[in-house]
Amino acid sequence: MTARQVRIAPSILSADFAALGAAIAAAENGGADFIHVDVMDGHFVPNITIGPPVVKSIKRVARVPLDVHLMITDPDKYAEAFVDAGADMLSVHVEVLPHLHRSIAFIKGLGVKAGVVLNPSTPVVALEEIAGEVDFVLVMSVNPGFGGQKFIPKSLQKVTAIRGMLDRAGNRSAPIEIDGGIDLSNIARAVDAGVEIVVAGSAIFNAPDPTAATKALKDAAAAVAS
Ligand code: DX5
Ligand code: ZN
């Protein structure tokens, strides 16, 4: 594997929602490259989290770009609102989008990075026709909806297969992000498989020192990537 810069995207889903500013600052002080924001609507996933007004407030305090992960049934309807609120990267699930090509073009047209997300049970082939168009791919390594779930190891094979698919499509610069159950025990395997953006929620915000936890994950990833 050639030298790559692996970036860390702490997910605030596991942070104290009454103190998001402090949580974000703590992660940034540990070297967070993005802040990962999980948007859930109670339909696509069995949980409800936050909407554009909260993203707007987060945007005022975050020093790094916002990586907004839409786990909602109608991302076409809400994409613009999240971009207006401050999303810098916006990812949408292939499972809910019959016109994915149009959705990705629309998000890119809003001036942000457009990503597609695959659930654990969604085959890699679902990306085949869009692989040349995406700015990044997010591989779910748990079933979306909650933080603190157990990592699904088979996700790593998907990462490697998707890396090959993106490269064959001429999209070598599009990074693969992984989300779910990542901690110090498996981050090295994820990076080795081809991951370049690592989401971590409970491993950072359930740790006694989120700054140190962010730094530890970043160092562990860098050790593999270099
Ligand atoms: C799950 C979310 C994740 C979640 C990850 O549906 O998409 O971003 O916050 O949390 P951990 O790292 O605890 O699995
Ligand atoms: Zn997420």
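Note that the structure is a prediction, hence the values are computed from the model and not measured. In each ligand, atom 1 is the first atom listed, and ligand 1 is the first ligand listed.
Remark: ligand 1 atoms within the under-4.0 Å shell around heavy atoms of H36 are 8 (O). Which parts of ligand 1 touch P144 is read off a 4.0 Å heavy-atom cut-off, strictly below it: atoms 6 (O). Below 4.0 Å from some heavy atom of G147 lie the following atoms of ligand 1, by number and element: 10 (O), 13 (O). Near G180, the atoms of ligand 1 lying under 4.0 angstrom from a non-hydrogen atom of the residue are 14 (O). Atom numbering of ligand 1 starts at 1 in the shown order; those under 4.0 Å from a heavy atom of H69 are 7 (O). Counting atoms of ligand 1 from 1 in the listed order, those under 4.0 Å from a heavy atom of M140 are 7 (O). Residue-ligand proximity, M40 to ligand 1, at heavy-atom distances under 4.0 Å covers atoms 6 (O). Each of the atoms 11 (P), 13 (O), 14 (O) of ligand 1 lies under 4.0 Å from some heavy atom of G148.
In terms of polar-atom proximity, defined here as any N/O pair under 3.5 Å, M71 makes no such contact with ligand 1. Checked by distance only, ligand 1 and S14 stay at 3.5 Å or farther apart across all their nitrogen or oxygen atoms. Taking any N or O of G181, backbone or side chain, at least one lies under 3.5 Å from an N or O belonging to ligand 1. Residue-to-ligand polar distances place S11 within reach of ligand 1: an N/O pair is separated by less than 3.5 Å. Inclusion of N143 in the set of residues having an N or O under 3.5 Å from an N or O of ligand 1 is not warranted. Between G201 and ligand 1, at least one N/O pair is under 3.5 Å apart.
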Could you go step by step and tell me if E133 and H101 meet the side chain to side chain contact (heavy atoms under 4.5 Å, CB included) rule? CA-CA 8 Å; E133 315 288 330; H101 188 278; 4.0 Å; yes
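Put simply, the side chain of E196 never gets that close to the backbone of Q5: no donor and acceptor are under 3.5 Å apart. Side-chain atoms of N171 come within 3.5 Å of backbone N or O of A131 as a donor-acceptor pair. Under a 3.5 Å cut-off, the side chain of S103 and the backbone N or O of D76 do not form any donor-acceptor pair. Using a distance-only test at 3.5 Å, with no hydrogens or angles considered, a donor-acceptor pair links the side chain of N29 to the main chain of A25. Checking side-chain atoms of S141 against main-chain N and O of S155 turns up no donor-acceptor pair under 3.5 Å. D41 places a side-chain N or O within 3.5 Å of a backbone atom of F44 that can act as its donor or acceptor partner.
Residue contacts with ligand 1 do not include F151, since none of its heavy atoms lies under 4.0 Å from the ligand. The shell of residues lying under 4.0 angstrom from ligand 1, judged by heavy atoms, excludes A203.
For the 3.5 Å distance criterion, the side chains of N119 and S121 fail to qualify, holding no donor opposite an acceptor.
Remark: at the Zn ion (ligand 2), atom OD1 from D38 and atom OD2 from D179 enclose 170°, rounded to the nearest 10 degrees.
Partner of V137 under the side-chain contact (heavy atoms from CB on, under 4.5 Å) criterion, chosen from V116, I130, I197, V159: V116. Tested against Y78, the residues I72, V92, V39 include a single side-chain contact (heavy atoms from CB on, under 4.5 Å) partner, I72.
Within the 4.5 Å cutoff, the side chain of P144 has heavy atoms near those of the H93 side chain.
Within H69, the N/O/S atom positioned nearest the Zn ion (ligand 2) carries the name ND1.
Taking atom 6 (O) of ligand 1 as the reference point, the nearest protein heavy-atom neighbour is G145 N, 2.7 Å. With hydrogens left out, the protein atom closest to atom 3 (C) of ligand 1 is D179 OD1, 2.9 Å, a heavy atom. For atom 1 (C) of ligand 1, the closest heavy atom belonging to the protein is F146 O, 3.5 Å.
The hydrophobic cluster containing L138 does not contain V134, counting ILVMFWY residues as joined when their side-chain heavy atoms lie under 4.5 angstrom apart, directly or transitively.
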